[in-house]
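To find a chain, count down the sequence lines: A is the first, B the second, and so on, and within it residues start at 1. If you're wondering where the values come from, they're calculated on a predicted model, not measured in any experiment.
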Amino acid sequence: MIKVYNTLSRQLEEFETIEPGVVRWYNCGPTVNGLMHLGHARSAVAFDIIRRYLEYRGYKVRYIMNFTDIEDRMIEVATNEKRSVLEVAEEYLRGFRRDMSALNLKEATINPRAMLHINQVIEFIQKLEKKNYAYESNGDVYFDVKKFEEYGKLSNQKLDNILQEGTEDAKNPNKRFAADFALWKKKKPGEPYWPSPWGEGRPGWHSECVLMSSLYLGEVIDIHSGGQDLIFPHHENEIAQAEALNNKPFVNYWLHNGYINIDKEKMSKSLGNFTNIIDLLKQYSADAVRIFIAQTHYRSPIDFTEDIIDQAQATANRLFEIFLLVKWFSKKEDTDSSLVEIDNEMLKTVEQSRTAFVEAMNEDFNTSNAFAVIFNLTKEANDYIRKSDEINLKVIHSIDKFFDEIRSVFGIFENIEEDDSTKTIGTLVDLLIELRQNFRSEKNWEMSDKIRDDLKKAGIVLEDTPKRILWKIEEK
RNA sequence: GCGGAGAUAGCAAAGACGUUAUGCAGUGGUCUGCAAAACCACCAACCGGAGUUCAAAUCUCCGUCUCCGCUCCA
């Protein structure tokens, strides 16, 4: 049984979907007003892993992630760069798609865009208006939070405490009450606009998320996720809109990921301390970035330092080596030997590891513990390959299968299957190893060392283990 | 002010009354012609104070500190 932490109840709950075996999931995607940064990546990777795990456990996941392509900051960017909002949106949307793919994030089932749903947003607001939850005021339309008694339940705020005077928006004279939020905004000069019953304007507080969620997944969904900073007001406002209209719970499980901090400070555009993914990937592999993110539980904050990402890269390399080694042996021809004790023990270890892995992930997706399981298994596997008298293909296939599962859940090293060039190299290296072994048996250290040194110069590292010689292509 | 999360070894990070977390680093060892790797062992920890309990990193209370949200940041 999978347990998830629900922001709404602030506790762990058993995960049960509306329709057995199917997960309806809406993830609040980015506003495309800039390049994808590490913060986006953390959220995206964290939920990507959760999604992959649910799929691993047999769920069919319908995963909707929107792109918000009309919003204040986008207008600002467009104005500054003397371009249209659409042009800005197109550029950064392409950037996001490129970076998401570089990070090996699984494609969403659908990526709806706000701008393509304006008419439905208008209809949606009209329905709220008809039910008396929204009011028009001087060309703007606001949600009347006092009408929605449960307002504040997600962020655990009392209405009295929300929006104290002082902020810009609280003073907005068009509002009846300071905490009311805009559903539709009257256009300002130079802004993009759409015609509406309330005059020309544009959508306000993410009605499109509610609308698109209902449109593509139904009125009640299993999971709605996003960064912790979206809890209030973004998701609070979504609940208000959806539940006011439909009179039933909008979302069964609210999942929120923790931030990435840089030097103990939140990474954000306003502080200017963000790292773009495209830049980070010039120095570190996508696998390292994913491991860096997965080594911390998704709800905990991560303090980003060069040291930590370096460590993640080292971990990635280490894991890759054992994964590759096992994959390499799994391609060998079966010698059909019988299982001896060390083989049976190894098989047992793999089974135990899988159980422990599932247990860890079932507990609110405890990826840290899952990694502990993986590290323990890699030790055993390393030992097995180096120390067993004969490597049994049954055992290797068992390890390889579990490693495949791990790779697919974490989305790392998925293209580990060797291409033909590696196979050719392998044949050559095996030949050289044999040659070197001859020199070694003659105690011709000069020649045997020369072969090893020359291979190293060519990027191939030999490793003499008690039972056999292993080789690998050195990471650049 | 209101609300949330947290403080665990040199660093990172799980755990939540009793039993080795784990990774990196450090120390010693096994293997080896040498090298590298791998493995084994060791090392070292629960912010401070009080309480509850046979037993407290874990529960309660009181401090101290950190981070975050509070109207368009993932």
In this structure, how many angstroms lie between the [atom2] atom of [N] and the [atom1] atom of [X], rounded?
X      : N     : atom1 : atom2 : result
A/K158 : B/G69 : NZ    : C1'   : 16 Å
A/I231 : B/C2  : CD1   : C1'   : 15 Å
A/E76  : B/C72 : CD    : P     : 11 Å
A/H235 : B/C72 : NE2   : C1'   : 12 Å
A/I260 : B/A74 : CD1   : C1'   : 9 Å
A/F177 : B/U71 : CZ    : P     : 13 Å
A/N261 : B/A5  : CG    : C1'   : 11 Å
A/Y151 : B/C70 : OH    : P     : 12 Å

Looking at [Y], I'd like to know if the NZ or CZ of [X] sits under 6.0 Å from its six-membered ring centre while staying within 45 degrees of the ring's axis.
X      : Y      : value
A/R176 : A/Y142 : no
A/R52  : A/F410 : no
A/R51  : A/Y63  : yes
A/K146 : A/F177 : yes

With rounding to the closest Å, how many angstrom separate the [atom1] atoms on [N] and [M]?
N     : M     : atom1 : value
B/C24 : B/A13 : P     : 16 Å
B/U58 : B/C17 : P     : 11 Å
B/U52 : B/A14 : P     : 33 Å
B/U27 : B/G33 : P     : 25 Å
B/U8  : B/C2  : C1'   : 30 Å
B/A7  : B/G15 : P     : 10 Å
B/G51 : B/A57 : P     : 15 Å
B/A21 : B/C42 : P     : 11 Å

Report the glycosidic orientation of B/A57: syn if within 90° of 0, anti in every other case.
->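 It is syn.
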
Give a yes or no on whether the backbone of [Y] and the side-chain of [X] come within a donor-acceptor separation of less than 3.5 Å.
X      : Y      : answer
A/E71  : A/M74  : yes
A/R386 : A/N382 : yes
A/S368 : A/Q295 : yes
A/D449 : A/E446 : no

Could you tell me whether [X] contacts a base, only the sugar-phosphate backbone, or nothing, with contacts defined as non-hydrogen atoms closer than 4.0 Å?
X      : answer
A/S448 : base
A/N237 : nothing
A/H256 : nothing
A/L230 : sugar-phosphate
A/N156 : sugar-phosphate
A/L462 : base
A/K467 : nothing
A/G258 : base
A/G226 : sugar-phosphate

Looking only at side-chain atoms of [X], point me to the closest of [options].
X      : options             : answer
A/N382 : B/A38, B/A14, B/C73 : B/A38
A/H37  : B/C70, B/A13, B/A74 : B/A74
A/Q157 : B/A37, B/G69, B/C73 : B/G69
A/D383 : B/A14, B/G69, B/A38 : B/A38
A/N366 : B/G15, B/C72, B/C34 : B/G15

Could you provide the dot-bracket string of RNA chain B, using ( ) for intrastrand pairs, [ ] for crossing pairs and | for bases paired to another strand, with Watson-Crick or G-U pairs below 3.5 Å?
-> (((((((..(((.....[...))).(((((.......)))))....(((((..]....))))))))))))....

For the rings on A/Y284 and A/F292, is their centre-to-centre separation under 6.0 Å?
->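 No: the rings miss the under 6.0 Å criterion.
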
Quick one: side chain to side chain donor-acceptor pair (under 3.5 Å) partners of A/S330, sequence neighbours excluded?
->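 By the side chain to side chain donor-acceptor pair (under 3.5 Å) rule, A/S330 matches no residue at all.
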
Does the B/A36 base have a donor-acceptor partner in the side chain of A/R452 within less than 3.5 Å?
->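 Between B/A36 and A/R452, which were checked side chain against base, a qualifying N/O pair under 3.5 Å is absent.
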
If we ignore angles and hydrogens, is there a donor and acceptor under 3.5 Å between the side chains of A/N261 and A/D303?
->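 There is no such pair between these side chains.
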
Relative to the 5' end of RNA chain B, which residue comes earlier, A/E71 or A/R436, by the nucleotide with the nearest heavy atom?
->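 Closest to the 5' end, via its nearest nucleotide, is A/R436.
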
With RNA chain B as reference, determine whether A/W445 or A/V145 sits nearer its 5' end, using the nearest nucleotide of each.
->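 Its nearest nucleotide being more 5', the pick is A/W445.
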
Sidechain N-carboxylate O distance under 4.0 Å for A/D72, A/K185 |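 A salt bridge is present here (some side-chain N lies under 4.0 Å from a carboxylate O).
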
Nucleic acid footprint by protein, nucleotides 16-32 of chain B - heavy-atom cut-off 4.0 Å, B for base, S for sugar-phosphate alone | -----BSBS------S-

